[in-house]
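All values reported here derive from a predicted model rather than from experimental measurement.
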Amino acid sequence: MTTSVGNRLLGVQLLPGVQRSHMSTFYVACMAGILLSTFMPQMQPYLLSEFLNIPQEQQGVVSGNIAFWGEIAIILAVGVWGSLSDKIGRRPVMAISFAIMAVAVALYPFAKTYTELLVYRVLFGVGVAAFSCMIFAIMADYTEDSSRGKATGFLGMANGIGALITVFLLLRLPSIFQAQGMDSQTAGLATYAIVTVLAGVFALWMWLGLKQTPQKVSTENESFWEITRKGLMAAKDPGIALSYGAAFVSRGNLAIVGTFFTLWIANYGTSEMGLSRADALARAGMIVGIAQTMTLLSAPFFGILSDKMNRVSAVALALFISFLGYGGTYFVTDPFSAGMIVCAILIGMGEVACIITSGVLLSQQAPVAIRGAVNGFFNLCGAIGILVAAKVGGQLFDSWRESGPFVFFGLIAFGVMIWALLVRNKVVAPQDNC
C-alpha cells in the first residue's frame, strides 16, 4: 500500500506515512499487553494456593507486596524506556517489552519460594513498563490530534478485548485442564505455558508490524537523563500535571481490579460457597468479566467524548464515575450480589474512562520532541498509583475489609476530580502538537 495524506482506519485520521497495517498492529499491542497484564495478577490467587500453599488470610498482604515490588521495577524502568524510545524508536522497545513478559510468564510457576516469585514479578514489571510507555507515545505518533479521542476509544476497546480473553478463557484453563484429568499444578503449568507462547508471538508481531520511525534529530545529541528531566519539567503545564495525576488514579484502579477483585471473589467462593480454587477462580472471572465488558462497550463513547468536549472536563467526568464505582463497594458484603454487579459496571466504565481521557489530554499537551519522555513520566505516575494501591490496598484488604482497597482509591479519584475542576480554565491546548 502506498501511504498518503488522509489515510484513515476505523474513522481515525492517521498522520502521513502511517499505514493502516501499522495502526492495526498497534491495536493488537493494546489488546495483548492488557491480556498479559491482567492475567498475571488474576491468576496469582491460584498460584499462591496451589503452588506455594499460602493461607487465604495472608494472601491480601502477599498479593499487595508482590504487586508493590513489581511496580518498584516499573518506577525504576519507565523513565528509561520512554527516553530510550526517543533515541531508538518505538518499535524495538515495544517488541522487547513482550519478549521480557514472555520470559517472566514462563518462569513464574516455577518459583519455589516467595522470594523467587518476587524476582519474576519484578522482571515482568520491567516488560510492562516498556509496553506502558509505548502505548500513548505510539498513538500520538500515528494519529492526528483531532482523532486522538476516537483513536483512544478504540485503544480502550482493544484493552477490553484483551481483558475479556483473560477472564473468559485464560482463567478458565486450569478448571478445563483439571476436568480432563490433570492435577492442579499440572493444569497451572499448562496454562502458563500457553500464555508464554502467546507473549512470544506478540513480540514477533510487534517487530514485524509496527512502523519503523526515524527519530527527531533534536533528541539525538541529548542524554537519557536530559530527556527524562524534560519529561518531569513538562509538568509545569497544568494539563500535563493533571494527566499525571489522572494516570495515578487510572493505573491504581487497574491494579485494584487486577489484584484484589479476583482475590476477594475467589476467597469468598472457597470459604463461603465451598468451591474448589479453580472453580472459584472461574466464577471470579465472570464478575470481573462484567467490568471488562463495560470497559469494552464504554471505550468508544469516552473516546468520542474526548474529541467533542473540553478534555479536562472529560477527565473530571471519568474520575467521578470511578469515585461512584469504587466507593460503592463499601456497601457490598456479598461479592456475588446484585450490588457488586452495579459496582462492577461503574468500575469498568470508570477504569476505561480514566485511561482514555488522561491519555488524550496528555497527547494534546505533550511537546512532540520529548513525547516519549513525557509518556515515560505519565506511566511513572501510574506506576506509583499501582504501588500505593498494592501496598495500602493489601493492608486494608487483610486488616479492615475486602472492599478497603476499592474505597481508598474511590476517595483518591474524588480528590483528583476536584483538582481537574480547579484547573479546567488554565489548560490551553498547544497549536502545533500533531
Side-chain angles (χ1 to χ4, degrees), residues 28-48 50-52 54 62-82 84-85 92-135 159 162-163 165-166 169-171 173-174 185 187-207 251 254-255 258-259 262-263 281 379-380 382-383 386-387 389-390:
V28 170
C30 297
M31 180 276 294
I34 296 300
L35 181 152
L36 296 171
S37 298
T38 55
F39 171 78
M40 285 292 269
Q42 290 183 29
M43 185 67 181
Q44 196 164 272
Y46 185 90
L47 189 75
L48 297 179
E50 301 297 336
F51 284 69
L52 296 180
I54 294 175
V62 169
S63 296
N65 286 340
I66 291 170
F68 176 90
W69 288 107
E71 292 314 308
I72 290 292
I74 292 178
I75 288 171
L76 295 176
V78 73
V80 175
W81 286 124
L84 183 64
S85 76
V93 173
M94 183 65 91
I96 290 168
S97 75
F98 283 100
I100 293 173
M101 286 189 276
V103 172
V105 172
L107 293 173
Y108 214 59
F110 293 100
K112 300 300 183 184
T113 65
Y114 173 59
T115 301
E116 278 187 66
L117 200 65
L118 284 177
V119 171
Y120 301 151
R121 181 61 181 84
V122 165
L123 179 63
F124 187 77
V126 172
V128 171
F131 161 77
S132 300
C133 280
M134 292 304 95
I135 287 299
N159 286 173
I165 292 172
T166 294
L169 176 59
L170 300 183
L171 294 184
L173 290 178
Q185 290 202 4
L189 288 170
T191 300
Y192 279 102
I194 289 171
V195 177
T196 298
V197 172
L198 284 175
V201 170
F202 290 135
L204 181 61
W205 196 335
M206 295 307 105
W207 181 259
R251 291 288 301 281
L254 210 61
T259 303
T262 304
L263 184 61
L281 187 66
N379 286 285
L380 172 62
I386 296 178
L387 187 152

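Minimum heavy-atom separation, Pro41 to Thr38: CD-O, 3.4 Å. Annotation for Phe98 and Ala32: closest pair CE2-CB, 3.6 Å, computed over non-hydrogen atoms. Here the closest non-hydrogen pair linking Ala99 and Ala203 is N-CB, 3.7 Å.
Between Leu48 atom CG and Met43 atom CE the span is 11.0 Å, to the nearest 0.5 Å. Here the OG atom belonging to Ser37 is positioned 10.5 Å from the CD atom belonging to Gln42, to the nearest 0.5 angstrom. Rounded to the nearest 0.5 Å, atoms CG (Leu47) and CD (Gln185) are 9.0 Å apart. Here the straight-line distance linking atom CG of Leu198 with atom CZ of Phe39 works out to 9.5 Å at 0.5 Å rounding. Here CZ of Phe124 is found 5.0 Å from CE of Met40. Values are rounded to the nearest 0.5 Å. Separation of atoms CG (Leu36) and CD1 (Ile100) is listed at 12.5 Å; rounding is to 0.5 Å.
A side-chain hydrogen bond (donor to acceptor under 3.5 Å, both in side chains) check over residues 195-206, counting only residues at least two apart or in different chains, returns nothing. Every pair passing salt bridge (Lys or Arg N to Asp or Glu O under 4.0 Å) that includes a residue from residues 120-134 is listed here, sequence neighbours excluded: Glu71-Arg121.
Take Glu116 and apply the side-chain contact (heavy atoms from CB on, under 4.5 Å) test, not counting sequence neighbours, and it matches Ala111, Lys112, Thr113, Tyr120. Scored by the side-chain contact (heavy atoms from CB on, under 4.5 Å) test, Leu118 finds Ile66, Trp69, Tyr114 as partners (sequence neighbours excluded). Listed by chain and number, the residues in a side-chain contact (heavy atoms from CB on, under 4.5 Å) with Leu189 are Phe51, Pro109, Phe110 (sequence neighbours excluded). Annotation: side-chain contact (heavy atoms from CB on, under 4.5 Å) contacts of Ala95 (sequence neighbours excluded): Met206, Trp207.
Taking the six-membered ring where the residue is Trp, the centroids of Tyr192 and Tyr46 are separated by 6.0 Å or more.
With a 4.5 Å cut-off on side-chain heavy atoms, Met101 and Phe202 do not count as touching. No side-chain heavy atom of Ser97 sits less than 4.5 Å from a side-chain heavy atom of Val128.
A donor-acceptor distance shorter than 3.5 angstrom exists from the side chain of Thr166 to the backbone of Leu35, with no hydrogens or angles considered. Between the Asn159 side chain and the Ile34 main chain, no donor and acceptor come within less than 3.5 Å of each other.
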